[in-house]
J.: 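One structure, as structure tokens, below. Some questions next.
As the structure is a computational prediction, the values presented were derived from the model and not from experiment.
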Number of protein chains: 2
Amino acid sequence: MNIGEVAERSGLPPKTIRYYEDIGLVRPLRSDNGYRAFRETDLHKLAFLGRARALGFSIEDCRLLLSLYEDESRESAQVKSIAEEHLTAIEKKIAQLEAMRETLSHLVMSCHGDNRPDCPILSDLATGPGDRN
Amino acid sequence: MNIGEVAERSGLPPKTIRYYEDIGLVRPLRSDNGYRAFRETDLHKLAFLGRARALGFSIEDCRLLLSLYEDESRESAQVKSIAEEHLTAIEKKIAQLEAMRETLSHLVMSCHGDNRPDCPILSDLATGPGDRN
DNA sequence: TATGGAGCTTCCAGTGGGGGGAAGGTCAAT
DNA sequence: ATTGACCTTCCCCCCACTGGAAGCTCCATA
């Protein structure tokens, strides 16, 4: 398989696939013409990576997950631990974003948004929360 | 004021302040010894930037917001529009993260996490959702 | 057989928003 | 005079790609 077909079947852009080879996540063979020659196992790995990335795992987490996937003697606790840590990080990120949303939505609602210059959003940014001068 | 005092009073690291000067967000004067000489207005701008960044606005949004803040003839609708767009982006990001959290938490709960190798997390990554082989 | 276009290769640079650290100048107190 | 804290510029590093240039190869068509 050439990279184009792998890209289509894995859903990953060719650039990303080359990058994944660069950093050692996949090791496709090479044809005589210098083209990358992907096996089904390479495609499978790339699809694995695509799904792991879609769940927000970092590249290094993906590398670990992939090696655990290929390790017959893995312990599921290792996998679960990585996933739990990532889940915690996601929840933390959500909490941060929700705090921003909270503040921002209040500010947006309190701004009349017309042609006049007074704006509680700018006032808040200028002097900090709770001050409306 | 030297950069250290401004850093302390604005809450921004010196590195960040230098970077903000680099990209033209602040323009402190220079003392004879080559040190940056910040005025109160510079400090005020930096604090403004710090609060805007804490609300997740991009640097370019911050640049716009700052120029609106300094523009006496602004219309609050311009500010509100930037804030609304950013709020929408935040909500979109939250939705993405919540989808990840949903999937991940199910996977984590379904993994026994012991010394055995079978792991529904890896199975899901290997074959896609809904397949447990 | 020539040609054209699609697909492949490598390499370099840039993204956003800074952070780390080196090499060197300056200031204030001892 | 020396120390140590502070300041300066400079360049590289992070993440996970993405865009683009220059130059291959392959295949179909005229």
Side-chain angles (χ1 to χ4, degrees), chain A residues 1-38 42-43 45-46 48-66 85-86 89-90 93 96-97 100, chain B residues 1-39 42-43 45-46 48-66 82 85-86 89-90 93 96-97 100:
Chain A
M1 259 180 294
N2 282 349
I3 200 169
E5 188 182 343
V6 178
E8 197 168 340
R9 290 177 62 188
S10 69
L12 296 172
K15 280 273 188 185
T16 299
I17 297 173
R18 290 193 194 100
Y19 173 66
Y20 286 176
E21 182 189 12
D22 237 43
I23 61 175
L25 286 179
V26 278
R27 304 185 191 285
L29 303 176
R30 292 287 174 148
S31 305
D32 291 344
N33 57 14
Y35 288 15
R36 288 169 183 80
F38 295 85
D42 296 319
L43 174 58
K45 274 198 199 183
L46 288 165
F48 182 104
L49 290 168
R51 279 184 286 263
R53 292 288 298 137
L55 285 180
F57 285 104
S58 73
I59 291 284
E60 287 318 305
D61 277 352
C62 287
R63 196 191 297 279
L64 271 172
L65 289 170
L66 204 49
E85 217 163 306
H86 178 46
I90 284 181
K93 189 81 190 167
Q96 283 176 2
L97 288 171
M100 289 180 192
Chain B
M1 259 182 298
N2 283 347
I3 201 169
E5 188 183 342
V6 178
E8 198 168 339
R9 290 177 61 189
S10 69
L12 296 172
K15 280 272 190 186
T16 299
I17 297 173
R18 292 195 192 100
Y19 173 65
Y20 287 175
E21 182 188 13
D22 236 43
I23 62 175
L25 287 180
V26 279
R27 304 184 190 283
L29 304 175
R30 292 288 174 149
S31 305
D32 291 344
N33 57 15
Y35 288 16
R36 288 170 183 79
F38 295 85
R39 291 150 294 189
D42 296 318
L43 172 58
K45 273 198 200 183
L46 287 166
F48 182 104
L49 290 168
R51 278 185 286 264
R53 292 286 300 140
L55 286 179
F57 285 104
S58 72
I59 291 284
E60 286 318 305
D61 276 353
C62 288
R63 197 191 297 279
L64 270 171
L65 289 170
L66 204 48
I82 295 172
E85 217 163 305
H86 178 46
I90 284 180
K93 189 84 190 168
Q96 283 176 1
L97 288 171
M100 289 180 191

J.: From the list C:dG18, C:dC11, C:dT26, which nucleotide is the closest neighbour of the side chain of B:Tyr35?
T.: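 Output: C:dT26.
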
J.: Mind checking B:Ile23 for me? I need base, sugar-phosphate or nothing, with any heavy atom below 4.0 Å counting as a touch.
T.: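 If one applies the 4.0 Å heavy-atom cut-off, B:Ile23 turns out to touch nothing in the nucleic acid.
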
J.: By nearest nucleotide on DNA chain D, pick out whichever of A:Pro13 and A:Asn33 is the more 5' one.
T.: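 Checking each residue's closest nucleotide, the 5'-ward one belongs to A:Pro13.
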
J.: Starting at the 5' end of DNA chain C, which residue's closest nucleotide do you reach first, B:Ser58 or A:Arg18?
T.: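 Of the two residues, A:Arg18 wins.
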
J.: Find which nucleotide of DNA chain D each of A:Asp32 and A:Tyr20 is nearest to by heavy atoms, and output the residue with the more 5' nucleotide.
T.: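 Nearest nucleotide further toward 5': that of A:Tyr20.
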
J.: Which heavy atom of A:Ile3 sits nearest to which heavy atom of A:Arg18, and what is that distance?
T.: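 So the minimum-distance heavy-atom pair works out to CD1-CG, 3.5 Å.
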
J.: Could you state the CG-P distance from A:Leu29 to C:dC8, rounded to the nearest angstrom?
T.: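 Nearest whole value for this atom pair: 16 Å.
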
J.: B:Lys15 or B:Tyr19: which one's nearest nucleotide on DNA chain C is closer to the 5' end?
T.: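 Going by which nucleotide is closer to the 5' end, it is B:Tyr19.
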
J.: Scan B:Pro14 against the nucleic acid and name what it touches under 4.0 Å (heavy atoms): base, sugar-phosphate only, or nothing.
T.: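 No contact at all - B:Pro14 keeps every heavy atom at 4.0 Å or more from the nucleic acid.
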
J.: Considering non-hydrogen atoms only, spot the tightest contact between A:Gly56 and A:His86 and give its length.
T.: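 Closest approach of A:Gly56 to A:His86: O-CE1, 2.9 Å.
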
J.: Check whether any side-chain N or O of A:Arg36 sits under 4.0 Å from OP1 or OP2 of C:dT10, and answer yes or no.
T.: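 Checking C:dT10 against A:Arg36, a side-chain N or O does come within under 4.0 Å of OP1 or OP2.
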
J.: In whole angstroms, how far is the C1' atom of C:dG19 from the CG atom of B:Asp22?
T.: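 So the CG-C1' distance, B:Asp22 to C:dG19, works out to 14 Å.
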
J.: At under 4.0 Å between heavy atoms, what does A:Phe57 touch on the DNA or RNA strands: base, sugar-phosphate, or nothing?
T.: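 Answer is nothing: A:Phe57 stays at 4.0 Å or more from every strand.
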
J.: Closest approach of A:Leu25 and A:Leu66, non-hydrogen atoms and distance?
T.: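 Smallest heavy-atom distance, with atoms named: O-CD2, 3.8 Å.
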
J.: So, the side chain of B:Arg63 versus the backbone of B:Ile23: is there a donor-acceptor pair under 3.5 Å, distance only?
T.: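 Such a contact is found between B:Arg63 side chain and B:Ile23 backbone.
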
J.: Measure NZ/B:Lys93 against P/C:dG16 and give the value in whole Å, please.
T.: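 Atom-to-atom, B:Lys93 to C:dG16, this comes out as 15 Å.
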
J.: Extract, from 5' to 3' on DNA chain D, the first and final nucleotides lying under 4.0 angstrom from some heavy atom of chain B.
T.: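 Boundary nucleotides touching chain B, in 5' to 3' order, are D:dC6 to D:dC10.
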
J.: To check you understand the geometry: which heavy-atom pair defines the closest contact between B:Arg39 and B:Arg27, and what is its length?
T.: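 What the structure gives for the nearest pair is NH2-O, 2.9 Å.
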
J.: Can you tell me the distance, in whole Å, between the CZ atom of B:Arg63 and the C1' atom of C:dG16?
T.: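 Rounded to whole Å, this separation is 13 Å.
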
J.: Could you measure the distance from the CG atom of B:Leu29 to the CZ atom of B:Arg36? Nearest 0.5 Å is fine.
T.: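 B:Leu29 CG to B:Arg36 CZ: 12.0 Å, rounded to 0.5 Å.
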
J.: Indicate yes or no: does A:Lys45 engage A:Asp42 in a salt bridge with an N to O separation below 4.0 Å.
T.: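 So A:Lys45 does not pair with A:Asp42 through a salt bridge.
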
